[in-house]
Each structure stands twice: as C-alpha cells, then as structure tokens.
Amino acid sequence: MVKIAVITGSTRPGRVNRQVAEWVLAQAQERGDADYELVDIADYALPVLDEPYPAGMQNYQHEHTKTWSAKISEFDGFVFVTGEYNHSVTPALANAISYLSAEFANKAAGIVGYGSAFGARAVEHLRGMLSELQVAHVQKTGMFSLFTDFENYSTFTPTAQQAASLAPVLDQLVPWTHAMKSVRESAMATA
C-alpha cells in the first residue's frame with residue numbers, strides 16, 4: 001500500500017489549517033486505499049530557510065533539515081493543505097517545501113486550498129512550485145471558502161458541496177501515487 005502524507009500549510013498560533021488537514025486525513029483514512037498520515041510542519045520548527053547549500057545537493061547542515069528530509073522521504077505521495085495568504089501559498093509551507101528537493105521528486109500530490117476565493121490563487125502558485133520539484137500534481141483540487149466553510153472564520157465546518165470536492169482529488173491521487181512509485185523504482189533500477 002502506498003504511503004501518503006497530509007501536510008499542513010501553516011504554523012501560526014490559532015491557525016485553522018490544522019483543522020482542515022485533520023478533516024482531510026479523516027476522510028482519506030475512511031477510503032482504505034492508502035496509508036495516510038498527518039505531517040504537521042509546525043512540529044519541525046523550520047526557521048526561514050537557513051541551509052547554506054541548495055536543496056538539490058542534499059548536503060544538509062542542520063538537524064531540523066535532516067529530520068524534515070527523513071520524514072518526507074517516507075512518503076510516496078502528498079496532500080498539501082494550504083490557505084491563501086496575499087494571493088499566494090502560505091509562507092510557512094513555501095519555506096518547508098524549499099528546504100528539500102529530491103525527497104519530493106517523482107512523487108504525486110493533491111492540493112486542498114481555502115481562503116476568500118477558495119484558495120485558488122494559492123493552489124495555482126503551489127502547482128508551479130511542485131512542478132519545479134518534479135512532483136506530479138493531480139488536476140482535481142479540494143477547495144473551501146472562508147465565508148461558507150468556516151464558522152466565525154475559526155471552526156472548519158465544510159458544506160456538503162465543498163466537502164465533496166475532496167473525493168475526486170484522492171480518486172486521482174492514489175493511482176498517480178502508484179504510478180510515480182513505479183517511475184522511482186524504474187529510475188533506481190537503471191541508476
């Protein structure tokens with residue numbers, strides 16, 4: 001069975017991101033089609049990128065980077081959960097992703113976004129970042145509105161219509177995750 005991380009996209013005190021990620025995890029685990037695990041970037045206390053070498057070199061100097069690298073290396077695929085900040089991906093998620101390269105390469109990802117415009121702009125920016133890292137991101141996207149899917153902008157209570165946006169993401173992600181695992185195995189066999 002493939003292993004898929006549901007990755008939070010915020011480290012802010014009082015964040016709603018963790019609620020969304022926990023909901024995604026619960027929905028995904030009910031499917032029984034992959035081994036899903038929550039990975040909270042807040043648990044890794046990553047400072048603003050402080051590695052002296054480019055991520056592609058994997059010459060990590062700091063223990064926090066080595067720990068983050070080891071965790072991400074465990075997974076075959078990802079669901080990134082991002083809010084929209086200033087028409088883009090959350091700063092904490094962009095920072096966490098920027099620490100690594102090879103650990104993400106040739107893996108699959110789905111995206112769940114939320115914000116005043118359903119997180120659409122953050123999702124599109126995240127797609128560009130993932131493409132650069134050779135992550136095969138699926139077309140379907142989970143999208144939630146701060147106005148209708150959060151009570152008082154602080155408690156995640158998705159409407160049935162928006163909750164239904166997650167299943168197509170996972171429907172695409174699981175087979176793509178299997179396919180990308182084959183790609184990685186093929187690349188290792190020829191190396």
Cluster link Ile4 to Ile7, ILVMFWY, side chain under 4.5 Å: no
Sub-6.0 Å ring centroid separation between Tyr44 and Tyr99: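 That pair fails the under 6.0 Å test.
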Near-ring test Phe150/Tyr114, centroid separation under 6.0 angstrom: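 Under 6.0 Å, so yes.
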Measure from the side-chain N and O atoms of [X] to the backbone N and O of [Y], and report whether any donor-acceptor pair falls under 3.5 Å.
{"X": "Glu37", "Y": "Lys3", "result": "no"}
{"X": "Glu84", "Y": "Gly115", "result": "no"}
{"X": "Ser165", "Y": "Gln162", "result": "yes"}
{"X": "Glu51", "Y": "His62", "result": "yes"}
{"X": "Ser88", "Y": "Tyr85", "result": "no"}

Could you give the distance from [atom1] ([X]) to [atom2] ([Y]), rounded to the nearest 0.5 Å?
{"X": "Leu46", "Y": "Thr65", "atom1": "CG", "atom2": "OG1", "value": "6.5 Å"}
{"X": "Leu170", "Y": "Trp176", "atom1": "CG", "atom2": "CH2", "value": "14.0 Å"}
{"X": "Asp149", "Y": "Thr159", "atom1": "CG", "atom2": "OG1", "value": "4.5 Å"}
{"X": "Asp40", "Y": "Arg15", "atom1": "CG", "atom2": "CZ", "value": "4.0 Å"}
{"X": "Glu30", "Y": "Tyr36", "atom1": "CD", "atom2": "OH", "value": "11.5 Å"}
{"X": "Leu126", "Y": "Ile111", "atom1": "CG", "atom2": "CD1", "value": "4.0 Å"}

Which pair of non-hydrogen atoms, one from [X] and one from [Y], has the smallest distance, and what is that distance?
{"X": "Gln61", "Y": "Tyr53", "answer": "NE2-CE1, 3.7 Å"}
{"X": "Ala94", "Y": "Val89", "answer": "CB-CG1, 3.9 Å"}
{"X": "Ser73", "Y": "Lys107", "answer": "O-NZ, 3.7 Å"}

Atom [atom1] of [X]: over 12 foreign heavy atoms under 6.0 Å:
{"X": "Gln161", "atom1": "CD", "answer": "no"}
{"X": "Glu185", "atom1": "CD", "answer": "yes"}
{"X": "Lys71", "atom1": "NZ", "answer": "yes"}

Under 3.5 Å side-chain donor-acceptor pair for Glu103 and Ser69: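 Yes, Ser69 and Glu103 have a side-chain donor paired with an acceptor closer than 3.5 Å.
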Report yes if some heavy atom in the side chain of [X] is under 4.5 Å from a heavy atom in the side chain of [Y]; otherwise report no.
{"X": "Gln58", "Y": "Ser101", "result": "no"}
{"X": "Val112", "Y": "Val6", "result": "no"}
{"X": "Ile41", "Y": "Thr11", "result": "yes"}
{"X": "Arg31", "Y": "Asp171", "result": "yes"}
{"X": "Asp76", "Y": "Arg184", "result": "yes"}
{"X": "Thr141", "Y": "Arg127", "result": "yes"}
{"X": "Arg12", "Y": "Asn17", "result": "no"}
{"X": "Trp23", "Y": "Gln27", "result": "yes"}

Hydrophobic cluster partners of Met143 (side-chain heavy atoms under 4.5 Å):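 For the cluster that includes Met143, the remaining residues are Phe118.
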Under-4.0 Å salt bridge between Arg121 and Glu124: no
With Phe104 via ring-ring contact (aromatic ring centres under 6.0 Å, His included) - residues at least two apart: Phe78
